[in-house]
Amino acid sequence: MGIGGCIGLIGLGAILTFAVDLHVKGVNVALVGLIMMAVGIIGLAVYVSIFKRRRMQPPSPAAPIVDVEEHRY
């Protein structure tokens, strides 16, 4: 699930929680909306943490040690 899906879940959950006044027997629509918002927020956090980890640059290797021998004649 990408950023768009996570934001979509958050938005759809907010609409179900705060804007819908629908009473379905056996289903609490507000609770379903809260669950969808929670899943969207968790998914967004996981996506951002994976994306951040993927974009981190590996540390540059240390400069090679050059053994210099001086020859004096």
Exercise for the section: Please name the pair of heavy atoms, one in Gly43 and one in Cys6, separated by the smallest distance, quoted to 0.1 Å. Expected result: C-SG, 3.4 Å
Practice task
Tell me whether Leu9 is reachable from Val32 by hopping between hydrophobic residues (I, L, V, M, F, W, Y) whose side-chain heavy atoms are closer than 4.5 Å.
Solution key: yes
Handout entry: Verify same cluster id: Leu22, Leu31 (apolar side-chain graph, 4.5 Å)
Key = yes
Practice task
Under the side-chain contact (heavy atoms from CB on, under 4.5 Å) rule, collect the residues that match up with Ile7, sequence neighbours excluded.
Solution key: Ile3
Fill in the blank from the handout: Value for CE (Met36) from CG (Leu16), rounded to nearest 0.5 Å, stands at 5.5 Å
Practice task
Using side-chain contact (heavy atoms from CB on, under 4.5 Å) as the criterion, list what pairs up with Ile41, not counting sequence neighbours.
Solution key: Ile10
Exercise for the section: Could you pull out all residues at least two apart from Ala30 that satisfy side-chain contact (heavy atoms from CB on, under 4.5 Å)? Expected result: Asn28
Problem - Path from Leu12 to Val27 over hydrophobic side-chain contacts below 4.5 Å - result: yes
Exercise for the section: Please name all residues satisfying side-chain contact (heavy atoms from CB on, under 4.5 Å) with Ile15, sequence neighbours left out, ordered by chain then number. Expected result: Ala19, Val20
